[in-house]
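Here is the naming used below: chain letters follow the sequence lines, and residue numbers restart at 1 for every chain. Every heavy atom of this structure was used, including side-chain atoms; hydrogens, water molecules and symmetry mates were not.
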Amino acid sequence: MLTFLSLLQSCSLFGISYESSRSEIMRILEIEKAVSDEIRKLAEEKFGIRLEKISCEAPPRIELGDLALPVAFEIAKQIKQKTGEKKNPRDIAETLKSSLSGNSVVERIETAGAGYLNIFYNRAEILAYFADAPLLSEATKPHQKVCVEHTSVNPNKAAHIGHVRNAVLGDTFARLLKAVGKRVEVQNYIDNTGVQVADTVVGFVYLEKMNLQSIIHLDESLAKEGKSFDYYCWDLYSKVGKAYESDENLKEKRQIVLHLIERGGNEVAEIADYVAMRNVQCLLETMEKINIRYDLLPRESEILHLGFWQKAFEEMKSRGVIRYETEGKRAGCWVMPLDSHEGTEEHDADKILVRSNGTVTYTGKDIAYQMWKLGLLGLDFNYRVFHTYADGKKVWVTSTSSSENGVIPEFGKSEIVYNVIDSRQSYPQEVVKRSIAAIFPEKGEQSSIHLAYEMVALSSAAAEELGFQISEEDRKKPFIEMSGRKGLGVKANDLINLLESKALVEVEKRHADISKAECLKIARKIAVGALRYLLLKYTRNTIVVFDFKEALSFEGETGVFCQYSAVRANAIFKKLAKDELKTAIEIVKANRPEVNEILKTENEIWSLLMQAFRLEEIVHNSVNNREPAILAKYCFNLAKTFNLFYHNHRIITESNQIRRAVLIVTADIVRRTLTSSLDLMGIPVPERM
RNA sequence: GCUCCCGUAGCUCAGAGGAUAGAGCGACCGCCUCCUAAGCGGUAGGUCAUUGGUUCGAGUCCAAUCGGGAGCACCA
């Protein structure tokens, strides 16, 4: 349970200031803090109990109040622990109730149930405040720099929906971190010298018998046919995978290619570089379609060639945190001892960082990279611009040659690093984290966070729709794992295109009056909403079983539903006179007793408002739990409540001026909240739907 | 063998030790002259895997068991 105290602690961590520029306390989190502080004081005065955490929750029904505190139970428990005396929580709640002075926005306090303390706000005061205040407060203190690494697709083929889950989670989390005041740097690691790139190069060189010139030529002719290079590589990679099964000779070629790539200065290395960076270009285009961008593309080649590993290796040796094995089966290896993991006969707890042949493992390189991200390595990359987005924003890539002239942003040096990586890599991520803590005890483990998530798999129906033969054994399984090597997977671009064309049909069906180009613009936004929400609504540790029918649905719990609700809210304001909102805000501020009367009778309107006011709290919850799904669920529920409000209240025809003003301000607050929740998920709101 | 994750409605999933366990889909019944159908309302559907324990209070925490998944490389 997230307590209010921990929320506060995290808030101060995020640099949020509770000092409002206005004198009154109005933000929901501020009110909760003020109430909690007073209760903490009372608990000490009246019962001699020091309360660490005071949980604040929403009552199950709005009739019970706006804020519920089960604090009397906690006090009763602590009294019993301290003195053995059994006190009735109801009596404690009564004592608290009669002693609480509250503040300007607390209208009434009641005790309920077995000992709840329920607080009712002065509804008109809060509405008047939020009528023209931002739903998310802006951070004022200096920002802490953090890094989010996500996407990190092997640059040897097109991205599939599993990669998109990673990217959408990472991108949304980065947006959330920005919303709580962090300075966020987004990195997309490019493993351009790894086995997978080597495999695709094996395909080009040994299966297709191509050289660099012919690959470039092929790339150009693909472009003319409207085909993309990464799709070609997708097919080629699976062809290589298949060929390996029967051709041992070819498998040996992989090692040769890998060595040539690592050594550099030869045609195979040039081919690898071309293939990898062309795939990266394709990936950036795909991700841009769903509003995902990067600041920096750190490449493995630079980690190798700029001596990152050597530097990290020296650091580890001088700090005495790694060990050289002189005997046993790991003789000749450098290992990182990891004591708390129990080793077994077959598996050692210690992690090998340098093989007996002197080469460094992936985890070793990862530790060096992580050190750089945290500003602990004492070395830096060189940089050049890789790509410039339409609005001028630049993506940088690491480079071995000296950096280009001009202003280069400061990369790395983050206080906290979030690595968005598949939970199947939990073990190596644990090794990286513990290694960092071993090398830099002052940094500890808290600075390296593995944002783990489960894979996206396919339903057997989906696999069959992709044209794959499913064995009887596989059909019995709840899902089928995607496999790049087998070419089994739903490619990101295919799904985006499918969503766009379905959305286009729906838009045209509804709006015969708008141009095709305009319809397409709307359809693209709908596709983004559908895809991103689909991948965000499941919590990170749930395996997403991809199904075409579900993915292509625009009804029910979908991003499209949320977008539709926001569009509906906007539609109201298109029909209203230009300054009606301004007038409504003035009316709401000037007629508080009447407004309060309306909000006290209309629980449905008030509970919608309370739900909207909770955005800030939800954003903090999502960050603290590192769970973007919390935001997604919130957004959907708010959209649902709003739809009911929309259904039940007609603003245009409302003749009572004060009531009309309340409805207008409510609709405005909700549309602002919906728009910013969607924006935090990277989902745009179309003009019409 | 060891470690981690999961088991909640027919299906897919939410559920922060607190009040009567929720949503979407599917099923059934209603609602388009509207800022209103990508929508809204209603009905049916639950031994929260099992058994113990902690607690004023357990779907939630602890232990054991059963069932499912993932990981435990001189792969990445």
Span that lies between the P atom of G22(B) and that of U47(B), in whole angstrom: 15 Å
Sugar-phosphate, base or nothing in reach of Ile543(A), heavy atoms under 4.0 Å: sugar-phosphate
Integer angstrom distance from the P of G15(B) to that of C5(B): 15 Å
Point-to-point distance, once rounded to the nearest 0.5 Å, from CG of Leu67(A) to CD1 of Ile109(A): 10.0 Å
Nucleotide nearest Ala571(A) (side chain, heavy atoms from C-beta), chosen from C35(B), G39(B), C13(B): C35(B)
Length of the CZ-C1' vector between Arg61(A) and A21(B), whole Å: 14 Å
Sugar-phosphate, base or nothing in reach of Asn118(A), heavy atoms under 4.0 Å: base
Partner nucleotide, any strand, of G7(B) [Watson-Crick/G-U, under 3.5 Å]: C66(B)
Out of C35(B), C74(B), A23(B), whichever nucleotide has its closest atom nearest the side chain of Lys575(A): C35(B)
A9(B) versus C48(B) - spacing of their C1' atoms, nearest Å: 10 Å
Distance, C1' atom - from U51(B) to C66(B), rounded to whole angstrom: 11 Å
Atom NZ of Lys502(A) with >12 non-hydrogen neighbours under 6.0 angstrom: yes
Sugar-phosphate, base or nothing in reach of Pro478(A), heavy atoms under 4.0 Å: nothing
Touch class at under 4.0 angstrom, heavy-atom based, for Asp547(A) against every strand present: nothing
Touch class at under 4.0 angstrom, heavy-atom based, for Arg510(A) against every strand present: base
Sugar-phosphate, base or nothing in reach of Lys640(A), heavy atoms under 4.0 Å: sugar-phosphate
Closest to side chain of Ile352(A), choosing from C13(B), C74(B), C5(B): C74(B)
Sugar-phosphate only, base, or nothing, as touched by Tyr538(A) at under 4.0 Å among non-hydrogen atoms: sugar-phosphate
Sugar-phosphate, base or nothing in reach of Val507(A), heavy atoms under 4.0 Å: base
Shortest side-chain distance from Val560(A), nucleotide among A38(B), U36(B), C35(B): A38(B)
Inter-nucleotide C1' distance (C61(B), U54(B)), Å rounded: 8 Å
Between the protein and nucleotides 56-59 of chain B, which nitrogen or oxygen pairs are less than 3.5 angstrom apart?
| residue | atom | partner | partner atom | Å |
| --- | --- | --- | --- | --- |
| C56(B) | OP1 | Lys80(A) | NZ | 2.8 |
| C56(B) | OP2 | Lys80(A) | NZ | 3.4 |
| G57(B) | O6 | Lys77(A) | NZ | 3.1 |

Nearest-nucleotide pick for Arg424(A), side chain only, options being U36(B), C35(B), G71(B): G71(B)
Sugar-phosphate, base or nothing in reach of Thr542(A), heavy atoms under 4.0 Å: sugar-phosphate
Residues in salt bridge (Lys or Arg N to Asp or Glu O under 4.0 Å) contact with Glu654(A), at least two apart in sequence or another chain: Arg659(A)
A37(B) OP1/OP2 closer than 4.0 Å to side-chain N/O of Tyr564(A): yes
5'-most by nearest nucleotide on RNA chain B - Tyr646(A) or Asn643(A): Tyr646(A)
Sugar-phosphate, base or nothing in reach of Ala452(A), heavy atoms under 4.0 Å: nothing
Below 4.0 Å: OP1/OP2 of C6(B) and any side-chain N or O of Asn541(A): yes
Inter-residue atom distance Ile119(A).CD1 - Asp66(A).CG, 0.5 Å rounding: 9.5 Å
Donor-acceptor pair under 3.5 Å, Ser426(A) side chain vs C4(B) base: no
Protein-nucleotide distance (Glu508(A), atom CD; A38(B), atom P), rounded to Å: 16 Å
Interatomic distance, Asn643(A) atom CG to Arg568(A) atom CZ [nearest 0.5 angstrom]: 4.5 Å
Watson-Crick or G-U wobble mate for A19(B), both contacts under 3.5 Å: none
G-U wobble or Watson-Crick pairing nucleotide for C61(B) (cut-off 3.5 Å, both distances): G53(B)
Same-atom distance (P) from G41(B) to A23(B), integer angstrom: 10 Å
Touch class at under 4.0 angstrom, heavy-atom based, for Ala76(A) against every strand present: nothing
Distance between C1' atoms of G24(B) and U8(B) (Å, rounded): 15 Å
Integer-rounded Å distance: C11(B) C1' and Glu557(A) CD: 15 Å
Atom pair distance, as rounded to whole Å: CG in Asn637(A) and C1' in C13(B): 13 Å
Identity of whatever pairs with A27(B) - Watson-Crick or G-U, under 3.5 angstrom: U43(B)
Touch class at under 4.0 angstrom, heavy-atom based, for Leu644(A) against every strand present: sugar-phosphate
Asp199(A): which of Lys251(A), Arg485(A), Lys253(A) passes side chain to side chain donor-acceptor pair (under 3.5 Å): Arg485(A)
Candidates Thr542(A), Asn541(A), Leu536(A) - the one meeting side chain to side chain contact (heavy atoms under 4.5 Å, CB included) with Tyr538(A): Thr542(A)
Opposite nucleotide pairing with G1(B), Watson-Crick or G-U, both atom distances under 3.5 Å: C72(B)
Touch class at under 4.0 angstrom, heavy-atom based, for Phe573(A) against every strand present: nothing
Separation of Gln370(A) CD from Thr363(A) OG1 (nearest 0.5 Å): 12.0 Å
Ile54(A) side, atom CD1; Lys33(A) side, atom NZ - distance, nearest 0.5 Å: 10.5 Å
For C32(B), the Watson-Crick or wobble counterpart (both distances under 3.5 Å): none
U12(B) to G45(B) separation - C1' atoms, rounded to the nearest Å: 15 Å
Distance in angstrom units between Gln425(A) CD and C4(B) C1', rounded: 15 Å
Test: Lys537(A) cationic atom under 6.0 Å from Phe636(A) six-membered ring centre, within 45° of axis: no
Length of the CZ-P vector between Arg650(A) and C40(B), whole Å: 15 Å
Lys578(A) atom NZ: more than 12 heavy-atom contacts under 6.0 Å: no
His647(A) NE2 - C32(B) P separation (whole Å): 10 Å
Atom-to-atom span, OH of Tyr362(A) to C1' of C74(B) - whole angstrom: 17 Å
